J.: 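Before I ask anything, let me first share the structure, which is written out below as structure tokens.
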Amino acid sequence: MDISKPVLLLTPGPTPIHPRALAAMSWPMRGHMDPEVFAYNDRIVADLHTLYKTGPGAFASLLSGTGSLGMEAGFANLLEPGDRVLIVSNGVFGERMIEMAQRLSAEVIPVCFPPGEPIRLELVREAAHKNHPKMIAMVHGETSTGVMNPVKELAAIAREVEALYSVDAVTTVGMLDFDMAAWGVDYAYTGSQKCLSAPPGLAPVALSARALEVISQRRTPVITWYSDVLGMQNYWEPGENGRKYHHTIPVQLHWATGEAIRAALDESIAARAERVHWLGQAILQTLETIGFTAFVPQAYRLPTVVAVRLPAGLDDAKVRHQLRHDHHISVTGGLGQTAGKIWRLGLMGENARPEHYLELMTALAEILKAPQLPELFKASCVVR
Ligand SMILES: *Cc1c(COP(=O)(O)O)cnc(C)c1O
């Protein structure tokens with residue numbers, strides 16, 4: 001084993017680290033209460049507002065934990081024990097939401113659809129009107145299946161029943177358009193290692209003015225001290241007596257994530273979305289020539305996680321072992337019901353580079369004895 005040797009991550013998170021983020025990891029250490037660190041954090045906040053397209057009075061910051069902490073913090077802050085939350089689920093991360101909200105003593109109304117299938121809005125609407133939840137929560141892009149859920153259509157339902165609206169933006173924000181203010185999203189979060197291509201360990205989150213208002217009117221304290229938004233605000237925003245220590249933020253991760261967000265905004269989200277779309281097409285077109293098929297119909301396909309059904313006879317575990325062992329390429333298989341049947345190819349952040357997928361095609365050409373693959377892939381890329 002040589003853990004210092006590079007491995008190409010074509011996984012749906014973590015993703016290859018952006019060079020700017022990597023460089024920032026080695027900046028000289030500073031304290032979490034250092035004025036320059038505060039100034040840097042202020043820039044991150046401004047960039048997060050741009051990234052999420054928040055409206056007036058919103059709050060954005062980084063939580064010290066992965067995307068799952070972002071998920072948990074939303075339920076912990078916006079719900080009190082016994083509050084009703086409608087959770088729409090069609091995969092592993094929707095299921096995680098249900099479990100989290102239940103553990104936090106919310107009254108959960110689960111509206112579930114089979115993994116890999118789209119959400120049926122009429123059933124969600126019916127459940128919302130019947131139950132009048134305080135909040136509706138949904139995963140925008142289900143990483144476990146490669147399905148994209150209808151974020152705007154669900155927003156309309158949340159508005160009809162005057163519920164808060166929470167969206168898991170882990171596979172979308174930073175790579176695809178995300179518009180909190182226009183869509184009426186009250187809480188959104190991601191993880192630093194997904195579309196932003198920073199190291200894992202931070203959850204960039206954003207709350208609308210309405211979400212903050214709801215938090216300020218809580219009858220009970222937030223159940224977890226660590227992810228209490230009021231504690232976070234005391235650190236991120238200067239009060240009358242300046243900023244207050246809440247916990248020791250992982251400063252290097254702040255820098256790396258800050259640089260990664262800046263790199264995404266410099267490139268522009270529109271350019272990144274464009275890169276994901278054509279590259280996804282080229283990958284599918286190429287793999288289809290040797291019997292792979294798209295797992296998700298185009299109408300609800302998530303562009304940042306391309307799920308492909310394996311050709312008959314392809315030994316999933318063996319081929320992925322060869323990719324990892326002989327070619328130093330990491331590819332992710334299915335989860336749960338789709339294990340052994342699909343691969344999930346990441347097109348998030350630095351994943352979504354044609355040169356990386358050319359490496360995959362070259363390796364597959366050798367393993368599957370399909371020497372034409374690299375040229376076919378290059379031709380599909382050139383057509384753009
Ligand atoms: C990865 C992921 C998460 C959880 O993030 P972690 O960083 O693994 O905690 C949540 N939701 C979705 C859709 C994800 O893809």
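Please read all numbers here as calculations on a predicted model, not as lab measurements. Order of appearance sets the numbers: ligands from 1, and atoms from 1 within every ligand. Numbers here simply count residues along the sequence, with the first being 1. The figures here come from the full heavy-atom set of this structure, side chains too, leaving out hydrogens, waters and symmetry mates.
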J.: Can you report which non-hydrogen protein atom sits closest to atom 7 (O) of ligand 1, along with the distance?
T.: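 For this ligand atom, the closest protein heavy atom is Gln193 NE2, 2.8 Å.
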J.: Counting only pairs under 3.5 Å, give me each side-chain donor-acceptor contact of residues 291-319, with atom names and distances, residues two or more places apart or in other chains.
T.:
| unit_1 | atom_1 | unit_2 | atom_2 | d |
| --- | --- | --- | --- | --- |
| Arg301 | NE | Val296 | O | 2.9 |
| Arg301 | NH2 | Val296 | O | 3.1 |
| Thr304 | OG1 | Thr171 | O | 2.8 |
| Asp315 | OD1 | Ala317 | N | 3.4 |
| Asp315 | OD1 | Lys318 | N | 3.2 |
| Asp316 | OD1 | Arg320 | NE | 2.7 |
| Asp316 | OD1 | Trp343 | NE1 | 2.9 |
| Asp316 | OD2 | Arg320 | NH2 | 3.3 |

J.: Could you pull out, from Asp168, Leu69, Val305, the option with a heavy atom nearest to atom 11 (N) of ligand 1?
T.: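 That would be Asp168.
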J.: What atoms of ligand 1 come closer than 4.0 angstrom to any heavy atom of Val139?
T.: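 Near Val139, the atoms of ligand 1 are 13 (C).
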J.: Going by the order shown, which atoms of ligand 1 are within less than 4.0 Å of some heavy atom of Lys194?
T.: 1 (C), 2 (C), 3 (C), 14 (C), 15 (O)
J.: Mind checking whether Thr171 contacts ligand 1 via backbone (N, CA, C, O), side chain (CB onward), both or neither, at a 4.0 Å heavy-atom cut-off?
T.: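 Answer for Thr171: side chain.
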J.: Does Glu142 approach ligand 1 within less than 4.0 angstrom via side chain, backbone, both or neither, non-hydrogen atoms only?
T.: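 For Glu142, no heavy atom sits under 4.0 Å from ligand 1.
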J.: Can you tell me which residue and heavy atom of the protein come closest to atom 3 (C) of ligand 1, and the distance to 0.1 Å?
T.: Phe93 CE2, 3.4 Å
J.: Any atom of ligand 1 sitting under 4.0 Å from a heavy atom of His140?
T.: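 It does not, in that no heavy atom of His140 comes within the 4.0 Å cut-off of ligand 1.
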J.: Taking the inter-plane angle between the rings of Trp255 and Tyr40 on a 0 to 90° scale, is it parallel (under 30°), tilted (30 to 60°) or perpendicular (over 60°)?
T.: perpendicular
J.: Can you tell whether the side chains of Glu375 and Lys378 come within less than 4.0 Å, N to carboxylate O?
T.: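 A salt bridge is present here (some side-chain N lies under 4.0 Å from a carboxylate O).
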J.: In terms of ring plane angle, is the pair Phe38 and Tyr235 parallel, tilted or perpendicular, where the classes change at 30° and 60°?
T.: tilted
J.: So if I count the atoms of ligand 1 from 1 in the order they appear, which ones are less than 4.0 Å from some heavy atom of Ser68?
T.: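 What qualifies from ligand 1 is 4 (C), 5 (O), 6 (P), 9 (O).
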J.: Only counting residues at least two apart or in another chain, list the ones meeting side-chain contact (heavy atoms from CB on, under 4.5 Å) with Asp34.
T.: Arg30, Glu36, Val37
J.: With atoms numbered from 1 as shown, which atoms in ligand 1 lie under 4.0 angstrom from a non-hydrogen atom of Gly141?
T.: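 So the answer, numbered in order with elements, is 13 (C).
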J.: Mark up the atoms of ligand 1 that fall under 4.0 Å of a heavy atom belonging to Thr143, in ascending order.
T.: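 The list of qualifying atoms is 12 (C), 13 (C), 14 (C), 15 (O).
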J.: Just say parallel, tilted or perpendicular for the rings of His246 and Tyr226, cut-offs at 30° and 60°.
T.: tilted
J.: Does the gap between the ring centers of Tyr189 and Tyr52 come in under 6.0 Å?
T.: no
